[in-house]
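Predicted model only: the values in this text are computed from it and were never measured.
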Amino acid sequence: MRNVMTLYRVVNPDSLGSYTELLHHQPTEHPVDDAAALPRLREWALAVLYRTEERFGMYQIAIMPLDQHDRPDENAFHDLIADDTEVIEDYLCWSGCSELVPAGEG
């Protein structure tokens, strides 16, 4: 299965009506299926955010399957979650110039 690294902005994260908006995606060169991929995914997402003008906010990062048009296949990703398949995803908070680290870490 071909995969893609994705970076989504979480819109209205404090409300029940929150949703995500795809900002950037990049196909992976090799199959990705291990938890060791999460640090690489985080580094990639932060590098993307550094190059953009994104302001303060919450972002979702994930490794997703690709569809036939080389776009993230969100339905296939949700099917994996529904089947209790372990997926690679996380959230990060961006200050506009660096990642915000939750209190107690570091």
Side-chain angles (χ1 to χ4, degrees):
M1 179 186 311
R2 294 181 47 218
N3 294 305
V4 60
M5 296 183 294
T6 60
L7 173 64
Y8 288 84
R9 178 185 313 117
V10 178
V11 180
N12 299 325
D14 293 334
S15 74
L16 292 175
S18 69
Y19 61 94
T20 57
E21 174 184 22
L22 181 64
L23 295 178
H24 194 76
H25 68 282
Q26 178 179 323
T28 59
E29 295 179 19
H30 306 287
V32 180
D33 60 0
D34 63 342
L38 189 56
R40 292 190 305 271
L41 176 62
R42 182 175 291 279
E43 289 174 17
W44 168 80
L46 290 172
V48 169
L49 287 170
Y50 278 120
R51 291 190 313 260
T52 66
E53 295 181 9
E54 290 298 318
R55 294 189 217 135
F56 177 83
M58 179 181 285
Y59 296 84
Q60 177 194 27
I61 55 177
I63 302 288
M64 292 187 174
L66 274 172
D67 67 12
Q68 65 271 18
H69 304 291
D70 288 337
R71 302 268 308 157
D73 190 337
E74 294 178 19
N75 290 331
F77 183 73
H78 293 296
D79 289 346
L80 292 172
I81 293 170
D83 291 340
D84 286 330
T85 302
E86 189 170 335
V87 295
I88 300 169
E89 76 169 328
D90 203 0
Y91 292 85
L92 58 90
C93 291
W94 179 249
S95 71
C97 61
S98 65
E99 182 180 10
L100 297 174
V101 180
E105 288 189 18

N/O donor-acceptor pair under 3.5 Å between Ser95 side chain and Leu100 backbone: no

Between the main-chain N or O of Thr85 and the side-chain N or O of Asp83, is there a donor-acceptor pair closer than 3.5 Å? no

In this structure, NE2 of His78 is separated from CE of Met64 (nearest 0.5 Å) by 6.0 Å

With heavy-atom distances below 4.5 Å as the criterion, would you say the side chains of Asp79 and Pro65 are in contact? no

Got a sec: does the OH of Tyr50 have more than 12 other heavy atoms crowding it under 6.0 Å? yes

Could you measure the distance from the CZ atom of Arg42 to the CG atom of Leu7? Nearest 0.5 Å is fine. 11.0 Å

CG (Asn3) and CZ (Phe77) are apart, to the nearest 0.5 Å, by 10.5 Å

For Thr6 and Pro72 the tightest heavy-atom approach is CG2-CG, 3.6 Å

Between CG of Asp70 and CD of Gln26, what distance do you get to the nearest 0.5 Å? 12.5 Å

Value rounded to 0.5 Å, distance of CD in Gln60 from CD in Glu89: 5.0 Å

Answer yes or no: is there a donor N or O on one side and an acceptor on the other, between the side chain of Trp94 and the main chain of Tyr59, under 3.5 Å? no

So, for Ile61 and Ala45, which heavy atoms are closest and what is the spacing to 0.1 Å? CG2-CB, 3.4 Å

If you take all heavy atoms of Leu66 and Asp73, which pair is closest and at what distance? C-CB, 4.1 Å

Is there a continuous path of hydrophobic side-chain contacts, each under 4.5 Å between heavy atoms, that joins Val10 to Leu46? no

Drop me the distance from Glu54's CD to His24's NE2, to the nearest 0.5 angstrom. 11.5 Å

Shortest non-hydrogen contact between Met5 and Thr28, atoms and distance: CG-CG2, 3.7 Å

Tell me whether Val48 shares a hydrophobic cluster with Ile63, the cluster being built from Ile, Leu, Val, Met, Phe, Trp, Tyr side chains joined at under 4.5 Å. yes

Is it the case that one hydrophobic cluster holds both Trp44 and Met58, taking links as side-chain heavy atoms less than 4.5 Å apart, direct or via other members? no

Should Asp90 and Leu38 count as side-chain neighbours, where that means a heavy-atom distance under 4.5 Å? yes

